[in-house]
Amino acid sequence: MRAVAKHNIILKILVIGTNVITSDCDFGSLRMRQILSLLASAGHHVTFAASNLEYRASYLEDLQAKGICVVRRPYYRSLNQLLDERGKELDLVILSRFVVAAQWLYAVRKTASKAFVVFDAMDLRFFRMVREAELRNDEQAKKKAEAQKMQELALMRATNQTWVTSSEEKNGLAQMVPDVDTVLLSNIHMPEPKGKSFDHRAGILFMGSFRHPLNIDAMLWYSNEVLPLLRHLLPNVISTIIGGDIPSSVKALASSDVVVTGDIENIAPYFAVTRVFIAPSRYSANVKEEIDQAMSFGVPVVTTSIAAEGMYLVDGENALIADDAQAFAEAIERVYQDESLWRKIAQAGRAKLIPEACAQETMEAVLRRIVAKIYFLT
């Protein structure tokens with residue numbers, strides 16, 4: 001069980017995720033890797049398990065090197081076996097994302113009855129679903145969004161604490177469920193190497209996981225509405241689309257000036273040479289980690305006001321923000337052509353990363369407070 005040595009609190013922690021942590025492919029994995037690493041470096045006994053017990057050596061050996069135990073087949077047949085054998089000794093269980101929490105909360109409560117249980121929402125599905133339904137004026141979609149909302153709020157009430165990644169979500173939940181203990185735990189993005197100078201950069205970059213329908217919608221809108229306008233403003237400029245789980249509708253966008261790739265193991269070379277990053281989301285809810293990632297490499301961002309929510313972005317200062325196709329295309333053209341504006345936005349974007357909730361010190365402090373609360377409550 002718990003131990004206190006030299007006034008340090010040591011917990012036994014189990015983290016259950018949807019899949020293997022692929023920290024170079026998606027930002028949810030990057031954030032979780034940061035959380036696991038910080039907990040392990042603080043001396044806690046941390047175990048990670050993908051809900052399907054998948055094991056991919058190239059990713060999980062990195063966690064093991066940091067002192068994190070990784071549960072996998074064939075050593076365990078299922079998560080139920082793990083919970084039956086070790087549930088009673090757990091102090092903290094983190095259920096990452098809605099699907100995991102919905103599937104495993106009952107078993108965790110049954111086998112780890114003394115554990116403090118966290119629902120790490122990552123991004124609230126119903127926030128996105130409501131906005132998509134409103135965008136499309138779809139009554140059936142609105143009903144589905146309401147049903148999803150009820151499920152997610154029920155999970156929050158059934159767990160001890162809920163983690164979210166944006167201030168918009170935290171403030172929204174404070175209004176809807178003021179009795180729920182909600183904690184803002186965002187990503188860490190420290191400045192990366194700056195890459196090439198303005199004159200040696202070219203192209204427009206988008207990156208995001210296409211498991212999320214909002215990214216599919218964003219790319220279809222960009223290609224169908226923005227790109228035809230942009231081709232007149234910036235002839236022959238290449239747009240590159242990076243992301244996993246690319247559907248056929250996005251693959252079909254490939255053309256002489258649109259490059260569509262799959263997952264990229266190392267995205268740094270792309271950020272080193274691209275001139276503008278775009279985030280054309282028309283509905284969303286959580287923090288756009290891709291925006292912070294682009295800013296960490298010193299790449300100016302053109303985005304929508306929806307995607308900018310909770311990101312502390314100011315149009316014309318640390319990003320360019322536009323919502324209709326014409327304004328979005330003109331914003332890209334402006335920062336693409338104007339070197340002084342490009343430098344201003346790039347520098348301000350990098351500078352904004354340090355003082356906000358992205359800094360490692362902030363995440364460490366939040367986790368320390370959570371650990372102390374768990375220890376003294378249980």
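Residue numbers run from 1 in the order of the sequence given.
Minimum heavy-atom separation, Phe198 to Gln337: CZ-O, 4.0 Å. Ile345 and Pro300 make their closest contact through CG2-CB, 3.7 Å (heavy atoms, listed as atom of the first residue, atom of the second, distance). Closest non-hydrogen pair, Phe297 versus Ile267, comes out as CE1-CD1, 4.0 Å. Residues Asp91 and Ile10 come closest through the heavy atom pair OD2-O, 4.4 Å.
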Name every donor-acceptor pair, under 3.5 Å, that has one atom in a side chain of residues 233-242 and the other anywhere in the protein, sequence neighbours excluded.
{"unit_1": "Ser239", "atom_1": "OG", "unit_2": "Tyr222", "atom_2": "OH", "d": "2.8"}

Can I get a per-line list of side-chain donor-acceptor pairs under 3.5 Å for residues 65-75, giving both atom names and the distance, sequence neighbours left out?
{"unit_1": "Arg73", "atom_1": "NH1", "unit_2": "Asn52", "atom_2": "O", "d": "2.5"}

Side chains of residues 320-333: which donor-acceptor partners sit under 3.5 Å, not counting sequence neighbours?
{"unit_1": "Asp323", "atom_1": "OD1", "unit_2": "Ser305", "atom_2": "N", "d": "2.9"}
{"unit_1": "Asp323", "atom_1": "OD1", "unit_2": "Ser305", "atom_2": "OG", "d": "3.0"}
{"unit_1": "Asp323", "atom_1": "OD2", "unit_2": "Ser305", "atom_2": "OG", "d": "2.7"}
{"unit_1": "Asp324", "atom_1": "OD1", "unit_2": "Gln326", "atom_2": "N", "d": "3.1"}
{"unit_1": "Asp324", "atom_1": "OD1", "unit_2": "Ala327", "atom_2": "N", "d": "2.9"}
{"unit_1": "Gln326", "atom_1": "NE2", "unit_2": "Glu330", "atom_2": "OE2", "d": "2.9"}

Derivation of the salt bridge (Lys or Arg N to Asp or Glu O under 4.0 Å) call for Lys143 and Glu139: CA-CA 6 Å; Lys143 291 179 182 179; Glu139 292 301 320; over 6 Å; no
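By the 6.0 Å contact criterion, NZ on Lys142 is enclosed, its count of non-hydrogen atoms from other residues, nucleotides or ligands being greater than 12.
A donor-acceptor pair is defined here as one N or O able to donate and one able to accept, closer than 3.5 Å; no such pair exists between the side chain of Gln148 and the backbone of Met129. Using a distance-only test at 3.5 Å, with no hydrogens or angles considered, no donor-acceptor pair links the side chain of Arg86 to the main chain of Leu14.
A heavy-atom distance below 4.5 Å is found between the side chains of Val118 and Phe116. For the pair Leu153/Met156, a side-chain contact is recorded, criterion being any heavy-atom separation below 4.5 Å from C-beta on.
His200 and Ser197 form a side-chain donor-acceptor contact under 3.5 Å, judged by distance and modelled atom types alone.
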